[in-house]
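Below: the structure, in structure tokens.
Order of listing sets the numbers, starting from 1, for every ligand and every atom in it.
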Amino acid sequence: MRTINIIAAKRDGRELAAEDISRIILGYTTGEVTDYQMSAFLMAVFIRGMSLAETSAMTKAMVESGAVLDLSRITGTKVDKHSTGGVGDKTTLVVVPILANCGLKVPKMSGRGLGFTGGTLDKLESIPDFNTALTPEEIIEQVNNIGAAIAGQTHDIVPADKKIYALRDVTATVESIPLIAASIMSKKIACSSDVILLDVKVGSGAFVGDLPRARELSETMIAIGTNLDRRVGAVITDMNQPLGNAVGNSLEVIEAIDTLQGGGPSDFRELCVELSAVMLYMAEQLMSLNECRLAAKTSLESGKALEKFRQIIAAQRGDPDIASNTSLLPQAKYCREVMSEESGIVSEINCSRVGQAASILGAGRARKEDSIDHAAGIIVRKKIGDRVEKSEQLAILHTNNKSSISEAEKMLKSAYILSNAAAVPPLIYEKIY
Ligand code: URA
């Protein structure tokens, strides 16, 4: 079919053949299909949806738009984890060292922040001199030597996603299940791990707001992975409030190190242990989930995961001393306490507003090419279910840009709702593996 006919067929709700999906995706990657045609196609998909066969075909075409990482020279079971994006989500910084310490091979490809959500690469780059631009050869060598590497995707992996995501971002077509599923799974498939665990975030700080849609997204991604011969699991986790207390790059690295040192906020710690346990279980198949949980906990409590994190930092030319001295990380010049204007129990936190407040302070980007302030962010002091008195601290803002503070404070205050009672959301809704 010609491009215009493919768009019209989707607009009219017809199911597309794999070859037509491949034609429009590959045509867009090479520039034959224009931005305005792709925008129309994406909006048609957003409104009409896609069948599983179509979503799988789209994923496959996106993988074929670029190179596939050849990890066959890594010995052992290769595992990968992917979060659909959240606020304060720093689990990779803790889960990767736990898994490597437990003997799995973790060639982790991470991304930068999208919208109000943070990205692992930005967090890691707050570590002085940390290099996230590893070549495939360097990744393979590092993973064979110390068990893990955390790097940015090379530019030749799924180029279709880079172009399509940029277009979705400006055409109101991000929050579509088939488009999110194809975007995430194409990158995971091209990165060639044997076992993939998806951390599907649900709530006011996630791309998916409710549990039925989170379930649909999880099941779609698992089915795509299964069709393409991968072992994929999903854990649906809460994003109705920030994970842990720290939001913002350097602040999140500090919180991850606290956790690797045996402390850290209990919700964050528990999620790291649970994600690690499910991945160990999926990869090893020899231990029960409880034994895997114990192995993950022991790795944290013994300090061995912290030592692994130090090795990863050193291998990627960062300053490993930050693992014992977090004052070496970027610190903001200005801090402001945000005080509550009333008393009550925190019953809701609009988590995307917390992410937006952190972005205003400099922790995120309004446009892809913007630079970020690694020291900027928020320490959240009150979470859902906590009692707050009038004039008590809700949060502390950190920034190097003094003029951003008032706007960020307003945004943060607007995120909080206080009432007489609160239902604390569960940390984990469902596990599918
Ligand atoms: N993360 C991705 O990589 N792609 C999406 O579409 C949404 C979240």
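Of the heavy atoms in Thr84, only backbone atoms (N, CA, C, O) come closer than 4.0 Å to ligand 1.
Ile180 CG2, 3.8 Å is the protein heavy atom nearest to atom 7 (C) of ligand 1. In this structure, atom 4 (N) of ligand 1 lies nearest to the protein heavy atom Ser183 OG, 2.7 Å. At the shortest separation from atom 3 (O) of ligand 1 among protein heavy atoms lies Lys187 NZ, 2.5 Å.
Residues Val79 and Leu197 are not in side-chain contact: their nearest non-hydrogen atoms beyond the backbone lie 4.5 Å or more apart. Taking 4.5 Å as the limit, some side-chain heavy atom of Glu125 sits within range of a side-chain heavy atom of Arg112.
One finds the OG atom of Ser299 at 10.0 Å from the CG atom of Leu306 (value rounded to the nearest 0.5 Å).
Side chain to side chain, Tyr28 and Asp35 meet the donor-acceptor criterion of an N or O pair below 3.5 Å.
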